[in-house]
There are 2 protein chains.
Amino acid sequence: MTEIHPEDPVARIRRFNRAVTREVGVLDASFLGRGRPLGAARVLNAIGRGRGEVAAIRDYLGLDSGLMSRLLRGLEAEGLVETAADEGDARRRVARLTPAGEAEFAAYEALSDSQAAAILAAHPKPAALLAAMDLVASALGRGDVTLEEADPRTPAARGCLEAYYAELARRFADGFEVSLSRDPEATDMIRPRGLFLVAISDGLPVGCAGLKGHDDLVEGARWGEVKRLWVSPSARGLGLAGRMMARIEVAAQELGMARLRLDTNSALPEAVAMYRNAGWTEIDRFNDDPYPDFFFEKLL
Amino acid sequence: MTEIHPEDPVARIRRFNRAVTREVGVLDASFLGRGRPLGAARVLNAIGRGRGEVAAIRDYLGLDSGLMSRLLRGLEAEGLVETAADEGDARRRVARLTPAGEAEFAAYEALSDSQAAAILAAHPKPAALLAAMDLVASALGRGDVTLEEADPRTPAARGCLEAYYAELARRFADGFEVSLSRDPEATDMIRPRGLFLVAISDGLPVGCAGLKGHDDLVEGARWGEVKRLWVSPSARGLGLAGRMMARIEVAAQELGMARLRLDTNSALPEAVAMYRNAGWTEIDRFNDDPYPDFFFEKLL
DNA sequence: GCAATTGTCTGACTAAAGTCAGGCAAAAAT
DNA sequence: ATTTTTGCCTGACTTTAGTCAGACAATTGC
């Protein structure tokens, strides 16, 4: 067996790849063990996971249209799937699970869950394992983070906000308590008044940013405030903050805002540096929130 | 797309699996792109990686003996591999790469290396990524850690020892300097005087332990000292320390020792706790090393 | 209204992977 | 010395995955 010197990072990655390659067979053994070939199982799972349009499945799984058609036919013959023409465009077909298909999908899900739970239960430090998996997954799936508008009261948004508050509490010398801060009303961060973005990487929320609309005018024009900009540690360095800010700037213009402002704190030096680099100028305090000590503005 | 609540660890693992499943195809694309089917490429790589016996390859890759035979024959026809009967048991066959096979194997290795390097280069925090990959790989490949006897001067052993010294320097309030400590002679930790173990997980050294033989007798019998017991952070909690200690105890008996001793430090509470739980009893100081403040003994 | 395009399906392939039943020689057991 | 077992090989399969050319209907562009 070749030996890997600890100082050789390339070799370490390759070791990781080998471990994962071998293990993924086991991890995805849920796809096997139910007497169905991998291809059919993958299609069944894609449908169960909410992908209905045949074209979307084909694209997601990277299948040829002929093969796709045949796999679908096989699942139909088994009575697990029904297809119907898309209303609106009868060339497209939409697949749906039958009750038997739902049951089969649930069986795959249960298998997969129990395997994941077994790995977790066997590990002495599940939290560290999860954090490491998140980081690796984010690094591997780097391009796949999507930004979605969401109500800040949805679970995904709340999860991000709570992680954000927890991080502030950790990093501010005197802690952080939301109720003492100027916490924006959710409705101020929903169109048409504002906006709330959640960054999603393969289903997991990994960041958020809010745009709060204000009613008063500054120099005769509407303005907005950037709030709750946060990126999960597992997804830092991928340029997510920049992407979210860009989306917010575009949206702010759509909403008729001429000016953006934000406040932040010197205990978050990477944030301060980012604002400076992104064309924000430091201004005087514009609110009475007790926590911030840096104030920025950007004209659109 | 299903949303994953951050508090649901099972869902997070499954997300990781998906990310990895999809990516592993890419990671192992080195196996493709050279005009050879996956099966043949895997066999070629297994041989290049030092697995010679046909049975061992078959076992490692999980192949049927008929299929294995055919793949081997294909590689022979390409002039990449030669097989010969095992000396000693002419039923077994041993495969070896020809020079052309070596070149082909090297090409796979280079492809794989450059892909790994590209991932690394694209990541903002390579060290964190590597640590996370190590941890995940150790968790997934948990059963696969092998203990090997090694000369403490080999690179794998030196890597572990340096990591061990660095950790002591970090954890002792006043640092740690090997030259001030009672550093055993390498020959005292080699049979027949002693023993040095390195724990290897898929090629990466993840732990070590030494048994130093002493010449003086205690109560009329030979004794040994356990030194340099260390487990990499990425592999902690897998019970490796216990496995290494068990191996050392067996070896100590083989070497005619009736008693084991060791010293440690209260700055390493998990080590102290482990010794207590493993049947060691605290004794008085038995050496003049400046660093330890706890001394243990175990009768065999 | 007609041609071009799009989305799916079918038939006719190929390549790869895997299974199974023996065959044969070497080694081990009796 | 014989039987049995072991390790590998071969031939004759099957299944899965994947490709390609064309058929066909619905839709879009002009």
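Residue numbers start from 1 in every chain, and the chains themselves are labelled A, B, ... in the order their sequence lines are given, proteins ahead of strands. This structure is a prediction, so every number in the text was calculated from the model and none was measured. The analysis underlying the following values was restricted to heavy atoms, covering all of them including side chains, and did not include hydrogens, waters or symmetry mates.
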Show each protein N/O and nucleotides 28-30 of chain C N/O combination with a separation under 3.5 Å, one pair to a line.
none

Q) Which residues, if any, of residues 67-85 of chain B bring a heavy atom under 4.0 Å of DNA chain D? A) B:S69, B:R70, B:R73

Q: Considering only NZ, NE, NH1 and NH2 on the basic side and carboxylate oxygens on the acidic side, decide whether A:R93 and A:E82 come within less than 4.0 Å.
A: no

Q) When rounded to the nearest 0.5 angstrom, what is the spacing between CG in A:D64 and CG in A:L61? A) 12.5 Å

Q) Any sub-3.5 Å donor-acceptor pair from A:T98's side-chain atoms to A:L80's backbone N or O? A) yes

Q | Reported NE2-to-CG distance for the pair B:H123 and B:L130, which is rounded to 0.5 angstrom | A | 9.5 Å

Q: For the pair A:R73 and A:E78, find out whether any cationic side-chain nitrogen is under 4.0 Å from an anionic carboxylate oxygen.
A: no

Q: Kindly compute the distance separating CG (A:L240) from SG (A:C208), expressed to the nearest 0.5 Å.
A: 11.0 Å

**Q.** Length of the line joining B:L61:CG and C:dG18:P, which is rounded to integer Å
**A.** 10 Å

Q) Would you say the side-chain atoms of B:R36 and B:Y108 include a donor-acceptor pair closer than 3.5 Å? A) yes

**Q.** Interatomic distance where CG belongs to A:L63 and C1' belongs to C:dC9 [whole Å]
**A.** 15 Å

Q.
Can you tell whether the side chains of A:E148 and A:R247 come within less than 4.0 Å, N to carboxylate O?
A. no

Q) Taking CG from A:L38 and P from C:dA16, how many angstroms apart are they, rounded to a whole number? A) 18 Å

**Q.** A:V43 backbone acceptor or donor facing A:R51 side chain under 3.5 Å
**A.** no

Q: Please indicate whether A:R191 has more than 12 foreign heavy atoms, meaning atoms of other residues, nucleotides or ligands, lying under 6.0 Å from its CZ.
A: yes

(Q) With a strict under 4.0 Å distance from non-hydrogen atoms of chain A, what nucleotide opens and what nucleotide closes the contacted stretch of DNA chain D, reading 5' to 3'? (A) D:dT16 to D:dT27

Q: Map B:G88 and B:G39 onto DNA chain C by nearest heavy atom, then report which one ends up closer to the 5' terminus.
A: B:G39

